[in-house]
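Remarks on the structure that follows.
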Amino acid sequence: MDQQELIAVVTEVAGSLSLPMDLDEALERITRGAVDTIPGIDYASLSVTANAGQIETLAPTDPVALRADQLQYDLREGPCYEAVDGAPVLEVDDLASDLRWPDYGPKAAATFGLGAQIAFQFRAAPHARGALNLYAERPHAIDGETRELGEMFANLAAVALGWSRHDQTLHEALSTRELIGQAIGIVMERYRLDADRAFAFLVRTSQAGNVKLRDVAAGIITDAAGKAE
């Protein structure tokens, strides 16, 4: 990506940070901007923990990122799990062979086709902390440019969550994830799809209609409830 394209992406992301801010939209632009901007990166997500301490994934760009994050939470190991409250940056050049996470790495490589990963810790006072997770299908895809740009997008995520300020705003973002999860379940049952394809269906519907992902999910849930009645 040349400098003008980078400026355009950052300008779009910065525009979403103006107040009053739609936190869901801002975070989605940050993760999508990271994938569009950083060479070699195929997927991105944010791992966020609030007062309760439970880690949740926000704004995944693809089902692969969502599932890789969840695998790390379940195993309690991996870059995105440990970066939330550990080292500022955790990088894996070859997930299949890295000995630091013997359960997660080989499973991520074999199940999701992931080769490399890097996670950047951020803190958004007063109540949120988390990590920007970047995934690459190709091993050894991470370089100095990845680190530099990744840190920039992690800082933007911290700004977005810091500006949200109130627990209610973060709660709404986490509630959006639950809403999307319910909609995925409905789509899986209705169209006999697996979770990845159901999520992709929601994303395509959102993009085709220029409708926010949470609104697409809410519409599906409302429609399902109406039919049930």
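Everything quoted here is computed from the prediction, not taken from an experiment. Heavy-atom basis, side chains included; hydrogens, waters and symmetry copies ignored.
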Does the pair [X]/[Y] count as a salt bridge with the N-to-O cut at 4.0 Å?
X	Y	answer
Lys107	Asp74	no
Arg67	Asp62	no
Arg147	Glu91	yes

For [X] against [Y], the heavy-atom pair lying closest together:
X	Y	value
Thr146	Pro39	OG1-O, 4.1 Å
Ala141	Ala136	CB-CB, 3.7 Å
Ser47	Val84	CB-CG2, 3.9 Å
Val92	Pro79	CG2-CG, 3.5 Å
Gly150	Leu132	O-CD2, 3.4 Å

Inset, instruction - Test Asn155 against Glu151 for side chain to side chain contact (heavy atoms under 4.5 Å, CB included), laying out the working first. - result: CA-CA 6 Å; Asn155 288 335; Glu151 183 177 0; 4.0 Å; yes

Quick check: does any side chain N or O of [X] sit under 3.5 Å from a backbone N or O of [Y], one acting as donor and the other as acceptor?
X	Y	value
Thr111	Ala108	no
Thr37	Ala34	no
Thr61	Ala44	yes

Legend entry - Ile220/Asp223 under side chain to side chain contact (heavy atoms under 4.5 Å, CB included): CA gap, chis, key distance, verdict: CA-CA 5 Å; Ile220 289 172; Asp223 179 67; 5.7 Å; no

To the nearest 0.5 Å, how far apart are [atom1] in [X] and [atom2] in [Y]?
X	Y	atom1	atom2	value
Gln54	Tyr73	CD	OH	10.0 Å
Ile38	Leu149	CD1	CG	5.0 Å
Leu71	Leu66	CG	CG	11.5 Å
Leu161	Leu58	CG	CG	7.5 Å
Ile30	Arg32	CD1	CZ	10.5 Å

Heavy-atom side-chain contact between [X] and [Y] under 4.5 Å:
X	Y	result
Val35	Asp42	no
Leu46	Thr31	yes
Asp98	Leu95	no
Ile55	Val48	no

Which pairs of donor and acceptor atoms, one on a side chain in residues 112-122, lie under 3.5 Å apart (sequence neighbours left out)?
| residue | atom | partner | partner atom | Å |
| --- | --- | --- | --- | --- |
| Gln117 | OE1 | Tyr104 | OH | 2.6 |
| Gln117 | NE2 | Gln72 | OE1 | 3.2 |
| Gln121 | NE2 | Ala83 | O | 2.9 |
| Gln121 | NE2 | Gly86 | O | 2.8 |

Inset, instruction - State whether a side-chain donor-acceptor pair under 3.5 Å links Asp69 with Tyr135. - result: yes

Legend entry - Between Glu137 and Tyr43: side-chain donor-acceptor atoms closer than 3.5 Å: yes

Inset, instruction - Give a yes or no on whether Met188 and Val216 share a hydrophobic cluster (residues Ile, Leu, Val, Met, Phe, Trp, Tyr; joining criterion: side-chain heavy atoms under 4.5 Å apart). - result: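 Linked, Met188 and Val216 end up in one cluster.
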
Legend entry - Hydrophobic cluster identity match, Trp101 and Leu75, side-chain contacts under 4.5 Å: yes

Inset, instruction - Please indicate whether Arg76 has more than 12 foreign heavy atoms, meaning atoms of other residues, nucleotides or ligands, lying under 6.0 Å from its CZ. - result: no

Inset, instruction - Taking salt bridge (charged side-chain N to carboxylate O under 4.0 Å, His left out) as the test, write out the residues that go with Glu82, two or more places apart. - result: none

Inset, instruction - Any chance you could lay out the side chain to side chain contact (heavy atoms under 4.5 Å, CB included) test for Thr49 and Asp85, step after step, and finish with the verdict? - result: CA-CA 9 Å; Thr49 180; Asp85 200 27; over 6 Å; no

